[in-house]
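Take a look at the structure set out below.
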Amino acid sequence: MSKLVYLVPLFPLIGFLINGLGRKSLSKSMISIIGCGVMLASFVVSLLVFFDVKANGATTVELFSFIRAADFQIPFAFQVDQLSSLFLLIITGIGFLIHLYSAAYMHEEEEQHFGRYFAYLNLFVFSMLLLVLGANYVIMFIGWEGVGLCSYLLIGYWFKNDQYNYAAKKAFVMNRIGDLGFLLAVFWLLFKLGTVTYGDVFSRVSELSSFDITAITILLFVGAMGKSAQIPLYTWLPDAMAGPTPVSALIHAATMVTAGIYMIARSNILYTMSHVSQTLVAITGLATAIFAATIALKQNDIKKVLAYSTVSQLGYMFLGLGVGAYTGAVFHVMTHAFFKALLFLGAGSVIHAMHHEQDIRKMGGLKKHMPITHITFLLACLAIAGIPPFSGFFSKDEILMAAYSANPIYYYVGLGGALMTAFYMFRLYSLTFLGSFRGTHEQAHHLHESPSPMTIPLIVLAVLSVFGGFVGIPEVFASDAHSLEHFLAPIFAESNKLAHAHHLTHSQEYIMMGVSTALIIGVIVFAVTKFKKAADVNDEHTGIAKVLENKWYVDELYDTVIVKPLHLLSVFFKNILEKNIIDGVVNGVGKLVGYGSRQLRLLQSGQVGNYILVMVMVMVIFVLIWFNDLTIMNFLKKLF
Amino acid sequence: MSITQIMFFFLSALAVFSAIMVLVSRNPVHSVLWLIAVFFAISGHYILLNAQFLAIVNLIVYAGAIMVLFLFVIMLMNLNKESEPNKHIWMKLAGAISGGCFLMVMVSLVRQAADFQGKEALVGTGDIGLIKNLGKALFSNYVVPFEISSVLFLSAMVGAVVIGKKE
Amino acid sequence: MPIQYYIYLSLALFSIGIIGVLTRRNAIIVFMCIELMLNAVNLLLVAFSKMHHGTALATDAATTAGIDGQLFVFFIMVVAAAEVSVGLAIIVMMYRNIHSVDINFLNRLKN
Amino acid sequence: MIPVLLILLPLLTGTISFFIKEENAAKGWGLLSAVLTLIVAVAGIYFYPAAQLSFDSAWLPSLGSRFTMSMDGMSKMLVLLTAISFPLIFLATYKNQYRNAGSFYALMLLTQAGLMGVFVANDALLFYFFWELALIPVYFLCSLWGGEKRIAVTFKFFIYTFIGSLMMLAGILYMYFQTADHSFAWQSFYSVQLAPEKQSLVFWLFFIAFAIKMPIFPFHTWQPDAYEQSPTATTMVLSGIMVKMGIFAVIKWLLPFFPSASEQFAQWIILLSVIGMLYASLIAIRQDDIKRLIAYSSIAHIGLMSATLFTGSRVGLEGVMIQMFNHGINVIGLWIVADAIEQQLGTRKFSELGGLAQKAPSLAILLVVMAFANIALPLTNAFIGEFLMFNGLFHYNIWITAVAGISIILAAVYTLNMVQKVFYGNTTAVTSNATDISGNIRITLVILVILVIALGVYPQPMIDLTKDTVGATMAGK
Amino acid sequence: MNAIILSALLGVVMMFSGILTKNKSVLKYIAAVGLLLLIAFNVMDTYAIFKFDIDSRGLLSFGKFGLYFNTLAFAATFIYVLLSGSDIEKAGINVAEYFALIFFVLCGLSILSGFNGMLMLFLGIEILSIPLYILTGSDKRNLKSNEAALKYFLMGSFTTGIMLMGIAFFYGATGSFTLNALPVIPTTGMINPSFLHVGGLLLLFVAMSFKVSAAPFHFWTPDVYDGAPSVFTSFMATIVKAAGFIAFIRLFQTQAVALGPTWKIILSIVIILTLLIGNITAVFQQSVKRMLAYSSIAQAGFMLFALFSSNDLAMEGILLYSVAYSLATIGIFAVLIKMNDYTFDGFNGLAKSNPVLAFTTTIFLLSLAGIPLTAGFFAKYYMLASVIKEGGSLWLVIVALFFAAVSVYYYFRVIQAMYFKDGDAGTAPISGVFKLSLVLLAALVIVLGIFPSIILNGFYF
């Protein structure tokens, strides 16, 4: 079955081609059938592959030789193993649900754009599948840039709006900054090892010096920073909410942004061997988690809150990777995919109902109008807040426990972040669903529950969010119940061997879980009571709140520190250096010739006397030159 | 100082003086006359050098024919008065200085030429300048250039006709 | 006579000719100065001819060495005569057109 | 015989074209000729025995110059590029109006003959001849059918490149007198053993000629103006093929002859090239004119190629080889788009454009593909080339690579700027009545896009094609 | 010797045919036939088929090179007469006499290609120059023509004086007028250049530089070329100038050894000055004719390279250069004469009004600029190659190349005017024969640009 893995990306590719080329001739229903159908097919194959891997272990499928250069060769090959098959399931599964959801959500679009939307979406899935399936870093990079491209296309989907286009461009450029790091790492690997195929790289990792490993891992991590929106390259992700909401759910929550985690998990052995990089990953992840959480506290756009929450949750995943909890990180990717996709889709449902109103200050009391959305949204909030036994609890707990064992400060800070998460999620929940409606009458009149193609994915995802955590029950509850860890064990085996694991005692764990759960519940209660009445809805913020509302002014900082100087530099180059200096020199030669010409013309005075005078003088000079090595000069001196 | 030396210096002084007078005379007719004086002095030198043929030819052709032609032209144009406007003084100065420099450089060049030290031009003796010897050489070794110079005269003749003829 | 004397003399005449060419404006005078230069050359050639003749006489009493110098002078005179006829014709032609023989009038062609 | 045919065919058809008065006949004739050349090129390269690919005949025996032609991998590739480009260019600009179309196509075909000659000549003097032959018709093309400032701009371009080629001539002559058998043959030049200190002067004589042609910073100032003012068909030839002449010449006529000088000056040239990449990219960001933007972007790309050339890396050289082809394809695609816009809307200013994606969706899609090829997105052809080139650069120096890498970020910035300002946003006064592209342009762009993707997914044939040249160049003396 | 005698005779014949016929075009054909005869006799001389065997007593010696040059010069004159012959009557009424003078010039030219001593050099130069003074002034009513003639005459005579002084010095030092006379120390056989000898050569160098219009002795050139009737400028700037170069090289080929290394320095200065002044000054001219005058100075700068290197390549090169340069210049002047307006603006739009003229002019201009595939390229090529072959003067070549690029600037201004600017370039009526001849000439320029060996083989066989 693994041999047929190429079908997994092939179906979306076919979908892309059909929808892309036929977007003008196909009907909307046809387009959505094709779009969803290929995803379903892909999902089915993925399932088969998954079980095949589970039964028979990993394989590599080589399709053809991509680049065969002088010093190296890079095959176009797929790595089918536990990690990639798991990601296949997440991508195609959630991907399918979101395609389904989109068919309803995007129904207002014109046919042509509807087709374009599905084509992009299929292309995205194709790229994402390449990213996770690739058997070497180059194929991964193809997917890596491919998803960036699709993200760009989808953020700028409503291309008439220039704001959206800027957001799309920003996303792409920031991703590219990271990609450069990734690419440099690839070059480094090729330079040192002559190969980028995972198997060869990981087995020959001992040939690399520790400096090489550190450099490569840091460069790779730069790539991850861009793709997974970590400090300092995170600012694109909140702006990326300009895209249609299902896109945010799929790309900017569930799949693409987790590519960085996948990559590091894939390269776990390299990271394990470099303590410096691991620490860097952990600290960056933690910092991002806290930083994004603080910003999320004061956001009023429903999607922006979710976006910062995503950034924050990605930070947790990196924390997990940084402390060696690779399984935990992947686990969190999975659960996060469930509940964050659910949250986004729920938000989409709300926005749909509110006629594209995204400001939570203008919502409220939607509970009674949209019961399914409400329930599923609440479940997702509980999951992300980390209330047991929802899925988020298990994955977050696993990461935090590992963080504690690595460094207790990580834990405390991480816990702070978790509390903030609980706070802003329930602020969001309360403002949206509780209290009374604050929107216009028009909106109030039209409030309705979304159609079933939208609610079915919500329900499915809610189920997954609630029960998804049970694949990774920690040892403290039941020994050997962490089936995910068992499944992924071959991937992280080498790393785990190297890592010096010191486990916490069960009692410690119980205490920590209890305390944190209690604190979270407290925060939730506080948030719900505080925002049920929507107390601070129209407050003018001052001090720290204002700073938070303005996202720590990071965008402005980047603007002054990087963008503006760069623009000034390019203006200087264009208007001064290029025009006046470089071209000036070139034209100057021409002008000099012209000037010389005008001056030399004057020599030709028209007077015969002058002509002859010059001739005589030159004759004298020539004689002097000719005999200058002889004694004529001395003689002339004597004469005077 | 022998008579030839005295003659040499006298003729030289005459030649140089007359030549200078050619330039400084304001009246073109005077210039012509002074130039004729130069030619006479040079002819005197030829005689000193025993080049009688050239001395005669010089007088006949130059002083006689060419200078008369000049005079004719000057008369024809009615230039026999001091009509020439002065050249700019700086131009004159520059001309004189560069001419002087030329002289100076050339003289110093000759002064340095060691291979002329002690060489003499035969004065009074030597019969190569006699018409008999010259004629013999002219019509034997130099007959080709002699004939060819007819082409020169032909073209000069044609030229004078072309240019002088009234249209 | 030392040959240098002749060289100096003819150089002096030659240079006076050059100075004349440079300082006078009357085309006829300029032309005369050129004739003066030619005569200076003639004198020098004759002197050299006699010098070479003298050198050759010391070894061979019947030599005609040096005769070519004098013949050259003869040809110079021939050429000078031809040149004068053409030159004066040109000057006369110009005089007909502009009623002047001032060479400084000649500056329509410049730059 | 094939190389001679490749030169003679456009030469003769071009000469005939001078006498064609009717516009459509001229267009048809030009297209026919270009297609025939393409057929000959493809047949010659892939289906005829290798012996047919070289030609040798006496030419100037007293000078030691022979009419010698041969095709190695690089020649084949560039011949293919030339042969493919011309039909596409003619097709894409088929609806453009030209005064004296006969002469226009004649000059274009003469240019093609010159280019073919440059790529196949194996004798330095012959090479020089074709080098100039390719230039002269372009001079007339640009001056006769160009934009407002065409005369001055083209003239600057001409003089600039002419100075360069004269330098090369001096270099060629110098080398000629160093050869043992007093011959201009490539082999004779190759076997000259020049002392390192003598190499440097000749090296620069050659290099300046090539550097101006490529062009690399700071010899580039003729280029944006020339591209902007030339008729687009000519611009395509200029930027798609003619700049490759410089790179081709460096590989064939410079590196093998002066190994020690190349090594000695490599760091300076690489430095210049990399500075040029960033410099051109930054300027491109601020451009308001599609053509100028593409021009500066082209300078940046060429900068990468020239930097890689001097790293002495095998992989890098492979990258340069295929990038020559790829860049040609991509940049022609971009020019076609630029031309389509200008022909229809009469402006190239971003400030006047916008929202074209609504009016011309096909154009928008095809442009977006070309634009992403321009920024070397994976699975487009340029990625392979840039990947290999950066690899080569990395072997040389990591910091240079990192700095050069910034240009790929900047490339994204200016390319997306262009895409956004032309196609996205709302329509403006100029674009509100725009219509989608006509069939001929669509076909051309589709062919180009297929090439872009095909070579991006399966680049191996191109890499293999030029393998022998890479091997020979890297073998050194 | 055939050439000298026959050209002199033909001069006389032309004079008389002027009396016998009043039909101007008949004169042209007589001249053309005469030139063909001249070529034929010269070729016979070359291959010793038929020759006047006159003992010149060592004053003349015709080598293959000189005779071949004669052939080429006569052929160029033939082309010149075909193209511009009928325009001679524009200069003045004495057409027969003008043709006669042209034949006398050719006689001088034949002497210069075979002179073996100072006397024949002097006579040759004078026979060459005196008819030119007259031709320059042939447009008697035109003040410019007057002025040019007088300037040319005065400066020419002055230079004759300088040259004669040089010859006198030379004679004084060597005791002989023959070319290969070198002051040799009898005991050692070493060359002992005396001051007088070198000084004499220097003056000769100045005089010859004047004749070939090398800077800074070029001042007469622009004025005279500009003032003279165009049809004679064409002749003067091409064939006559080439003859000057042949004489120049012939004179200094053997004497260069006496001059030592400083000779090359002086020569480099002259070359660079010539290139500089010729090229740079040409840039801002308004009149095409005057531009061509300066360009002829610039071309002289290139031709001086042959003198500089004086090797076999240089000898081949100067022949090729003379031919290439003469053909192109004759062609351009033939077109120029037909133009109503000699300024650059006068050429505006010629490509539209008369494409054949514009196209051929372009070829000629390209050849002058030294663009490959035209004869001019190989001309320049040989010059530069000869210098590089000598070694050590690569810098001079690079300077020359820079100026070659500058030259493109002003040559292309004409092309720009013809093709890229709008205007109605007025021309005199142009016959089909004229156009055909122009096209053939252009074809010749291109053929020579591809196979220069056509010219050079003639030199060897």
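Order of the sequence lines fixes the chain letters, A, B, ..., with proteins taken first and strands second; residue numbering starts at 1 for each chain.
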Is it the backbone or the side chain of E/Phe378 that comes under 4.5 Å from a heavy atom of chain D, or both, or neither? side chain

Is D/Trp59 in contact with chain E via its backbone, its side chain, both, or neither, using a 4.5 Å heavy-atom distance? both

Which of D/Thr179, D/Asp181, D/Asp123 passes side-chain hydrogen bond (donor to acceptor under 3.5 Å, both in side chains) with D/Ser188? Answer is D/Asp181

What is the ring orientation for E/Tyr321 with E/Phe302, classed by angle as parallel under 30°, tilted 30 to 60°, or perpendicular over 60°? parallel

Taking the six-membered ring for Trp, are E/Phe377 and D/Tyr128 ring centroids under 6.0 Å apart? yes

At a 4.5 Å cut-off on heavy atoms, which part of D/Phe130 comes close to chain E: side chain, backbone, both, or neither? neither

Ring centres of D/Trp222 and D/Phe155 under 6.0 Å apart? no

Under 4.5 Å from any heavy atom of chain E - which part of D/Tyr160: neither

Plane angle bin for D/Phe189 and D/Phe184 - parallel if under 30°, tilted between 30 and 60°, otherwise perpendicular: tilted

Which atoms of D/Ile151 come close to chain E, meaning under 4.5 Å heavy atom to heavy atom: side chain ones, backbone ones, both, or neither? both

Just so I understand: if I count every heavy-atom pair under 4.5 Å between each of D/Leu135, D/Asn100, D/Leu63, D/Ile172 and chain E, which residue has the most? D/Leu63

Ring center gap for D/Phe258 and D/Phe206 short of 6.0 angstrom: yes

Can you label the angle between the D/Phe207 ring and the D/Trp204 ring as parallel, tilted or perpendicular, going by 30° and 60°? perpendicular

If one checks every heavy atom of E/Val397 against chain D at 4.5 Å, the contacting part turns out to be side chain

Contacting moiety of E/Ile415, where chain D heavy atoms sit under 4.5 Å: side chain

Please classify the contact of D/Phe129 with chain E as side chain, backbone, both or neither, using a heavy-atom distance under 4.5 Å. both

Residue part contacting chain D, namely of E/Leu394, when any heavy atom lies under 4.5 Å: side chain

Using a 4.5 angstrom heavy-atom cutoff, name the option from D/Leu133, D/Leu144, D/Leu201, D/Leu205 with the most pairs to chain E. D/Leu144

So which part of E/Ala369 gets closer than 4.5 Å to some heavy atom of chain D, the side chain, the backbone, both or neither? backbone

Is there a side chain to side chain contact (heavy atoms under 4.5 Å, CB included) between E/Ile271 and E/Phe305 once you walk through the steps? CA-CA 8 Å; E/Ile271 289 175; E/Phe305 277 117; 4.0 Å; yes

Heavy-atom pairs under 4.5 Å with chain D are the metric here; pick the option from E/Phe402, E/Tyr381, E/Tyr419 that has the most. E/Tyr381

Yes or no on ring pair (Phe, Tyr, Trp, His ring centres under 6.0 Å) for D/Tyr190 and D/Trp253, after CA distance, side-chain angles and deciding distance? CA-CA 9 Å; D/Tyr190 183 71; D/Trp253 295 97; over 10 Å; no

